[in-house]
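Data first, discussion second: the structure below is written as structure tokens.
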Amino acid sequence: MIKLGHILLLFISASVFGQLNPQTKSVTKKIFPDFEEVKNVTPALKKEKGFTTDEELYAFLEGLAKNHPNKVQISYIGESQKGKKIPFVKMTNPNQKEKIKVFFQGGLHGNELASTEGVLYVMHQLLNDKNYTHLLDDIDLAVIPMANIDGYLKESRYAANGLDLNRDQTKLMAKESVILKQAFSNFNPEVALDFHEYTAYRRDFSKLGNFGVANIFDVMFLYSGNLNVPKNLREFTEKLFVKNASDLLNENKLRNHPYISTTKYRGDIHFNQGSISARSSATNYALTNTISSLVEIRGVNLGRTSFKRRIQSIFLVATSYLKTAIAHKKELKEVIQKAIYDEKEIVVTSKRKVYTSKLQMLDLDTEKIIELEVTKRDAWLSSAVLIRPTPKAYLIDASQKEIIEKLKTLGAKIKVLEEDKKIEVEIYKIIEYKRNSKKYEQMNLQKVKTEIHKQQKVFAKGTFMVSLNQKNANLIVEVLEPEAPNSFVSFGVLPTEKDAILPIYRILK
Ligand SMILES: [Zn+2]
């Protein structure tokens with residue numbers, strides 16, 4: 001029982017102070033040995049303790065630009081809430097080749113410290129390691145290495161106002177979310193990787209195994225199971241990009257798995273696998289017809305433990321995605337083009353498939369890898385619940401300026417009616433309404449059910465029109481269809497009430 005008490009104490013300390021390393025030295029040595037071949041070339045790797053500061057970040061990037069002036073271009077896309085400049089770095093080898101646009105991001109959660117360091121390491125190697133410098137012949141790379149700079153400097157997950165920037169990608173309530181999304185939309189990548197770290201020692205794991213378990217995977221891949229992401233794009237991502245990266249990690253003895261996280265379901269611990277949520281990067285990017293993955297490295301609360309192993313994991317995944325994109329350049333461009341013109345029904349809501357499955361975990365008592373039988377709720381095998389025909393366009397009342405601004409940031413092209421016009425539309429009437437009094441991410445969520453009626457209606461000059469014949473159509477659908485879980489209505493960005501008619505209308509084909 002001493003051991004149980006010890007483990008509980010670790011869980012409590014780790015959750016209260018967030019700093020105490022919950023991993024024993026023998027686990028590190030036996031199961032997560034470090035990768036000494038990673039060279040000390042980035043700011044944190046050059047020092048014994050601590051992580052990259054803002055000053056070190058700026059100096060490191062400016063050093064890259066100084067040493068490679070024809071390959072590196074630094075810009076600052078805006079300032080954080082605390083007034084720190086957010087760097088955006090473009091890298092390529094200048095030549096006449098058709099390039100693939102790739103986007104890397106680190107540090108969106110400020111306590112996921114190897115995510116920034118790993119991205120900096122990748123940048124350095126692409127410019128200096130001759131085994132990798134040729135990759136930039138075919139790649140136009142854009143990198144945001146420290147997305148949540150305020151959070152990173154405090155080693156906090158959140159932005160300065162307490163918002164989680166990876167839950168804010170449809171409602172766009174944090175200043176940084178607008179800056180980051182605008183930069184993403186302007187760059188318009190074909191491949192996007194968002195690097196994160198996850199917590200291997202979760203409090204709810206203390207109930208599993210004899211005396212608790214921990215997650216064992218060096219890397220978890222999160223790619224979208226959202227049914228509005230065209231199927232060819234989802235399959236191309238999983239069966240080619242994730243598969244190749246996973247094979248490379250296996251060759252390097254780095255354990256990897258599709259993304260899982262725990263959730264309480266009627267008192268039991270279930271494992272959510274994958275994601276469909278447009279508020280988070282993996283799905284949000286995929287909805288703009290981008291090959292997209294969020295890469296989770298095992299690292300939160302581990303300090304500098306296995307730091308080079310975590311950095312090497314990021315390096316291998318990043319370079320694998322670049323190599324896969326180059327090897328399949330023509331097919332990649334075709335898949336994305338096809339996805340843009342994918343005409344189908346809209347899936348407004350969906351449900352996950354639930355099944356039991358085996359999962360490898362680290363047993364904290366024996367410090368051995370064990371296999372548990374767990375219940376999974378799988379987003380990649382989700383099925384549609386509410387389906388609607390794809391409209392030709394949405395009309396939005398001229399008064400809805402805030403929503404229009406958000407749509408523009410999300411990369412939507414918007415037109416305006418130039419004269420009053422009578423148009424047959426579908427209107428949404430709210431027939432069921434519930435508002436959460438408890439806030440989520442500082443918003444009062446609304447849950448609605450609508451009834452759709454056909455109507456001839458005169459729309460005034462100045463009414464906004466959002467056509468769905470555009471690249472980001474699938475993301476537009478997720479924010480405008482009221483019942484969709486991350487829509488402007490669901491997130492309370494567009495307040496409504498029972499029996500109201502929404503200021504959003506559908507024009508059918
Ligand atoms: Zn994260």
Side-chain angles (χ1 to χ4, degrees), residues 14-15 18-19 22 44 51-52 80 86 103-120 122 143-174 176-177 180-181 184 192-205 214-215 217-224 242 256-263 271-286 292-303 305-307 310-311 313-314 317-318 379 440-441 486:
S15 58
Q19 263 107 18
F51 301 95
T52 297
S80 69
I86 303 169
F103 174 85
F104 290 162
Q105 180 170 265
L108 189 62
H109 289 142
N111 62 335
E112 301 172 4
L113 299 147
S115 69
T116 287
E117 212 62 28
V119 164
L120 296 180
V122 173
V143 189
I144 301 180
M146 201 182 278
N148 173 13
I149 193 160
D150 294 346
Y152 199 90
L153 297 175
K154 283 172 55 194
E155 297 180 26
S156 155
R157 178 180 175 91
Y158 303 100
N161 63 353
L163 284 175
D164 183 331
L165 300 182
N166 208 26
R167 305 289 179 267
D168 197 36
Q169 303 209 13
T170 56
K171 63 186 169 66
L172 302 169
M173 302 303 280
E176 291 86 351
S177 301
L180 297 169
K181 180 51 75 183
F184 183 92
L193 283 176
D194 188 20
F195 291 98
H196 286 248
E197 291 201 288
Y198 74 92
T199 310
Y201 295 81
R202 294 173 67 108
R203 232 171 313 172
D204 44 8
F205 284 179
N215 200 319
F217 302 111
D218 290 289
V219 179
M220 298 198 290
F221 291 96
L222 178 52
Y223 41 96
S224 187
V242 176
N256 61 94
H257 194 273
Y259 174 81
I260 46 164
S261 71
T262 46
T263 179
F271 285 77
N272 276 331
Q273 180 157 292
S275 174
I276 50 172
S277 199
R279 64 175 175 257
S280 302
S281 65
T283 289
N284 195 287
Y285 299 167
S292 155
S293 305
L294 186 156
V295 181
E296 290 276 13
I297 306 296
R298 185 182 188 279
V300 171
N301 294 332
L302 295 185
T305 300
S306 310
F307 199 45
R310 288 145 62 189
I311 289 168
S313 300
I314 290 172
V317 173
Y440 170 76
E441 288 296 313
N486 297 287

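Start at 1 with the first residue, then count along the sequence. Order of listing sets the numbers, starting from 1, for every ligand and every atom in it.
Taking all atoms of both residues into account, the shortest heavy-atom contact from Phe205 to Thr262 is CE2-CG2, 3.2 Å.
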- Task: Any chance you could lay out the side-chain contact (heavy atoms from CB on, under 4.5 Å) test for Leu222 and Val295, step after step, and finish with the verdict?
- Result: CA-CA 6 Å; Leu222 178 52; Val295 181; over 6 Å; no
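Partners of Ser275 by side-chain hydrogen bond (donor to acceptor under 3.5 Å, both in side chains), not counting sequence neighbours: none found.
Panel note: side chain Asn111, backbone Val300; no donor-acceptor pair is recorded below 3.5 Å.
The Zn ion (ligand 1) has His109 ND1, Glu112 OE1, Glu112 OE2, His196 ND1 as protein N, O or S atoms under 2.8 Å away.
Aromatic ring pairs are classed by plane angle as parallel below 30°, tilted from 30° to 60° and perpendicular above 60°; the pair Phe184 and Tyr285 is parallel.
When side chains are defined from C-beta on, Ser261 counts as touching Asn272, because their heavy atoms get closer than 4.5 Å.
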